[in-house]
Amino acid sequence: MDIAAVDEVLSTTRAVRRRLDLNRPVERDVILECLRLAIQAPTSSNGQNWRWMVVTDADKRAAIADIYRSCGEAYLAQAAKTAEDPQTRRVYESAHALSQTLARVPVHVIPCVEGRLNQTELVVAASEWASIIPAAWSFMLALRARGLGSVWTTLHLMKAAEVAEILGIPDTVTQAALLPVAYTVGTDFKPAARPPVETITSWNTWDAH
Ligand SMILES: Cc1cc2nc3c(=O)[nH]c(=O)nc-3n(C[C@H](O)[C@H](O)[C@H](O)COP(=O)(O)O)c2cc1C
């Protein structure tokens with residue numbers, strides 16, 4: 001196994017917003033190839049209940065973007081002005097910029113899971129969500145390895161039912177995120193600043209550090 005290549009993908013798959021290429025078409029095959037890899041991820045009780053909603057239709061993307069903006073544009077603009085930590089401020093500025101361009105991102109992928117995830121019992125809720133989130137992250141890693149990028153977004157879920165209606169998603173299915181997908185402008189992404197892992201890791205007994 002080429003560990004250096006694997007580690008590069010794992011450490012440089014960033015939230016890409018401003019560097020999504022809005023003009024370069026994305027082939028259907030590359031999406032399917034990445035989804036084929038994504039569904040190697042685990043599911044609870046081998047349920048294999050992931051479902052993928054891929055939106056390329058321009059009118060539908062515009063409608064989703066309208067809903068996304070109605071959920072988060074004002075909040076993101078405000079947070080970009082008030083966040084104190086520079087890294088977080090840049091995140092909000094970038095997130096606000098995405099809210100303006102979302103309709104033009106060539107592909108919107110909504111990872112879904114068959115079933116209504118409204119359980120609050122921990123073991124059930126964790127099992128249900130973890131049957132789609134690892135697969136969706138694998139999808140993002142596979143994109144990165146092929147020169148595409150995305151960003152995990154959840155804002156539209158405030159109005160998930162409105163998006164479901166536009167796309168014909170039945171109410172037996174739960175949306176987990178919205179991943180805007182495009183080729184990236186350049187591929188030179190870097191590891192992000194993170195705390196030393198020792199400061200957030202406990203061995204054998206919980207360590208509050
Ligand atoms: C659960 C979750 C929800 C998120 N929701 C949004 C969102 O609605 N809009 C957005 O632009 N970014 C969203 N993000 C992206 C984060 O802002 C981003 O992952 C974080 O700032 C770290 O950046 P990095 O992934 O490049 O390290 C979300 C990320 C996660 C994990």
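When a ligand or atom number is given, it counts from 1 through the structure's own listing order.
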So, [X] and [Y]: side-chain donor and acceptor under 3.5 Å apart, yes or no?
X: Lys190; Y: Thr12; answer: no
X: His209; Y: Glu198; answer: no
X: Ser99; Y: Arg69; answer: no

Query raised in the report: Any ion pair linking Arg104 and Asp21 (charged N to carboxylate O, less than 4.0 Å)?
Result: no
Query raised in the report: Among the clusters formed by ILVMFWY side chains lying less than 4.5 Å apart, do Val124 and Trp129 turn up in the same one?
Result: no
Query raised in the report: Polar-atom distance check: Ala95 versus ligand 1, any N or O pair below 3.5 Å?
Result: no
Query - Geometric N/O contact Leu155 with ligand 1, under 3.5 angstrom - result: yes
Query raised in the report: Taking non-hydrogen atoms only, is Leu76 closer than 4.0 angstrom to ligand 1 via side chain, backbone, both or neither?
Result: neither
Query raised in the report: Which ligand 1 atoms are under 4.0 Å away from a heavy-atom of Val91?
Result: 17 (O), 21 (O)
**Report entry** Heavy-atom nearest neighbour in the protein, as seen from atom 26 (O) of ligand 1, with distance rounded to 0.1 Å
**Finding:** Ala15 N, 2.8 Å
Report task. For atom 3 (C) of ligand 1, grab the closest protein heavy atom and report residue, atom and distance to one decimal in Å. Result -> Thr154 OG1, 3.3 Å
Judged on heavy-atom distance to [atom], which of [options] sits nearest?
atom: atom 4 (C) of ligand 1; options: Tyr68, Tyr75, Trp137, Trp152; value: Trp152
atom: atom 27 (O) of ligand 1; options: Arg194, Lys190, Met140; value: Arg194
atom: atom 11 (O) of ligand 1; options: Arg14, His96, Arg17; value: Arg17

Query raised in the report: Within a strict 4.5 Å, meaning less than it, do heavy atoms of the Gln100 and His96 side chains meet?
Result: yes
Query raised in the report: Measuring to protein heavy atoms, does anything land under 4.0 Å from atom 20 (C) of ligand 1?
Result: no
Report task. Work out which heavy atom in Arg24 is nearest to a heavy atom in Pro106; give both atom names and the distance. Result -> O-CG, 3.8 Å
